[in-house]
Amino acid sequence: GKSGDLYVRIFVKKHPVFRKDGQNLVMDMGVKLTDAILGGEETVNTLDGAIKVKIPEGVTVKIDGNIVNAVGPKGTLTYEHRPEIKVSQDNNNINVERVSETAKAKSLHGLTRTLVENLLFGVSKGWNKGLEIVGVGYRAEVAGTELVLNVGFSHQVKFPAPDGITFEVKQNIINVMGIDKQRVGETAAQIRRIKPPEPYKGKGIRYVGEIVRKKAGKAAKAVGGTAK
């Protein structure tokens, strides 16, 4: 027969998570309003298969089924991962793999990697969340295992340290320290709720680096000004 051109049409199946935008791969992800304002961490899935996590120096890891146990200079932590994910050890690396390609396994892949990394960092170096006290006469001190706060109430507020948490106060900065990242974050949030920053002068307890949006007072509104 006659020679000619061969045309092949290729259809690409839509990916359940990613879409193409020019030369970029894009995905939609919901972020909490508090994280968007105050800052936070979100887990972003990747197209990679197995993800390797390096074991820090001085840390010993033991994996028994779905249980990951890590022992380091700061202490010991245990994490139980979901059965959709396989975690194995290869010399100084931890491999995090999906058992299947289900949507559930894909959503847990990056999350499990992050939680294992947090585990290793916690037992090797520990986590720290800083809080700043703002206000004339406001101060904090550590008495034994308690954090004692003077933040504008008629009485002192005593906050006992949860298990695995220690406090350190330097001038107007409170450091909440521990090996469990989630517990450190939760404890810092509880302390902040004791006296959150008020919206006019910003007095109260805030995260280090947190930007407090202030409202204009009555005097400022009268002259059309705004508080800074």
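Basis for what follows: all heavy atoms, side chains included, without hydrogens, waters or symmetry-related copies. Remember, predicted model here, so these are calculated numbers, not experimental data.
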K.L.:
Are Q190 and E186 linked by a side-chain donor-acceptor pair shorter than 3.5 Å?
P.N.:
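The criterion, which ignores hydrogens and geometry beyond distance, is not satisfied for E186 and Q190.
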K.L.:
L111 and R82: side-chain contact (heavy atoms from CB on, under 4.5 Å), yes or no, with the steps?
P.N.:
CA-CA 11 Å; L111 174 62; R82 296 274 303 181; over 6 Å; no
K.L.:
Please set out all donor-acceptor pairs under 3.5 angstrom arising from side-chain atoms of residues 64-81, sequence neighbours excluded.
P.N.:
from	atom 1	to	atom 2	distance (Å)
N69	ND2	T78	OG1	2.9
H81	ND1	I85	O	3.2

K.L.:
Please check if the side chain of N91 supplies one atom and the backbone of N93 the other of a donor-acceptor pair under 3.5 Å.
P.N.:
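Not confirmed, N91 side chain does not pair with N93 backbone.
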K.L.:
Let me check something: do L119 and M177 share a hydrophobic cluster, defined by ILVMFWY side-chain heavy atoms less than 4.5 Å apart, either directly or through other members?
P.N.:
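Different clusters: L119 never reaches M177 through Ile, Leu, Val, Met, Phe, Trp or Tyr contacts under 4.5 Å.
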K.L.:
Search all heavy atoms of G178 against all heavy atoms of V184 and return the closest pair with its distance.
P.N.:
N-CG2, 3.5 Å
K.L.:
Is it true that I191 and V148 fall in one hydrophobic cluster, defined by side-chain heavy atoms closer than 4.5 Å?
P.N.:
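In one cluster with I191: V148, no.
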K.L.:
Distance from T114 atom OG1 to K181 atom NZ, nearest 0.5 Å?
P.N.:
8.0 Å
K.L.:
Do L149 and I205 come within less than 4.5 Å of each other through their side chains, counting heavy atoms only?
P.N.:
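Contact flag for L149/I205 side chains = yes.
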K.L.:
Distance from K52 atom NZ to E97 atom CD, nearest 0.5 Å?
P.N.:
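One gets 9.5 Å once the value is rounded to the nearest 0.5 Å.
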K.L.:
With side-chain contact (heavy atoms from CB on, under 4.5 Å) as the test, pick out the partner of P197 among K203, R213, R192.
P.N.:
R192
K.L.:
Looking at E101 and R98, does any basic side-chain N land under 4.0 Å from a carboxylate oxygen?
P.N.:
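Yes, charged N to carboxylate O under 4.0 Å.
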K.L.:
Considering all heavy atoms of both residues, which atom of A140 and which atom of L147 are nearest to each other, and what is their separation?
P.N.:
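Heavy-atom minimum between the residues: CB-CD1, 4.3 Å.
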K.L.:
Can you name the nearest heavy-atom pair linking V212 to G202, along with the distance?
P.N.:
CG1-CA, 4.5 Å
K.L.:
Would you mind checking if E198 and K214 are paired as a salt bridge, meaning a charged N to carboxylate O distance below 4.0 Å?
P.N.:
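So K214 does not pair with E198 through a salt bridge.
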K.L.:
In Å and rounded to the nearest 0.5 Å, what is the CD1 to OG1 distance from I94 to T112?
P.N.:
12.0 Å
K.L.:
Output yes when a side-chain donor or acceptor of R183 lies under 3.5 Å from a complementary backbone atom of I179, and no otherwise.
P.N.:
no
K.L.:
Compare every heavy atom of P83 with every heavy atom of V99, then report the nearest pair and how far apart it is.
P.N.:
CG2-O, 3.5 Å
K.L.:
About how many Å separate OG of S100 and NZ of K86, when rounded to the nearest 0.5 Å?
P.N.:
13.5 Å
K.L.:
Grab the two heavy atoms, one from I63 and one from S88, that are nearest each other, plus how far apart they are.
P.N.:
CD1-C, 3.7 Å
K.L.:
Between the main-chain N or O of N118 and the side-chain N or O of W127, is there a donor-acceptor pair closer than 3.5 Å?
P.N.:
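Yes; at least one donor-acceptor contact below 3.5 Å.
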K.L.:
Excluding sequence neighbours, so at least two apart, what forms salt bridge (charged side-chain N to carboxylate O under 4.0 Å, His left out) with E57?
P.N.:
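With neighbours one apart ignored, the set is empty.
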K.L.:
Roughly how far apart are L131 CG and E210 CD, rounded to 0.5 Å?
P.N.:
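One finds 9.0 Å between CG of L131 and CD of E210.
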K.L.:
Is there side-chain contact between H109 and R113, with heavy atoms separated by less than 4.5 Å?
P.N.:
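Heavy-atom side-chain distance check fails, nothing below 4.5 Å.
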K.L.:
Only distances under 3.5 Å count here; give the side-chain donor-acceptor pairs of residues 150-174 to other protein atoms, sequence neighbours excluded, each with its distance to 0.1 Å.
P.N.:
from	atom 1	to	atom 2	distance (Å)
E168	OE1	N175	ND2	3.0
N172	ND2	I133	O	3.4

K.L.:
In Å and rounded to the nearest 0.5 Å, what is the OG1 to CD distance from T102 to E84?
P.N.:
6.5 Å
K.L.:
With the side chain counted from C-beta on, respond yes when Y207 and K129 share a heavy-atom pair under 4.5 Å apart, and no when they do not.
P.N.:
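Result yes, sub-4.5 Å side-chain heavy-atom pair found.
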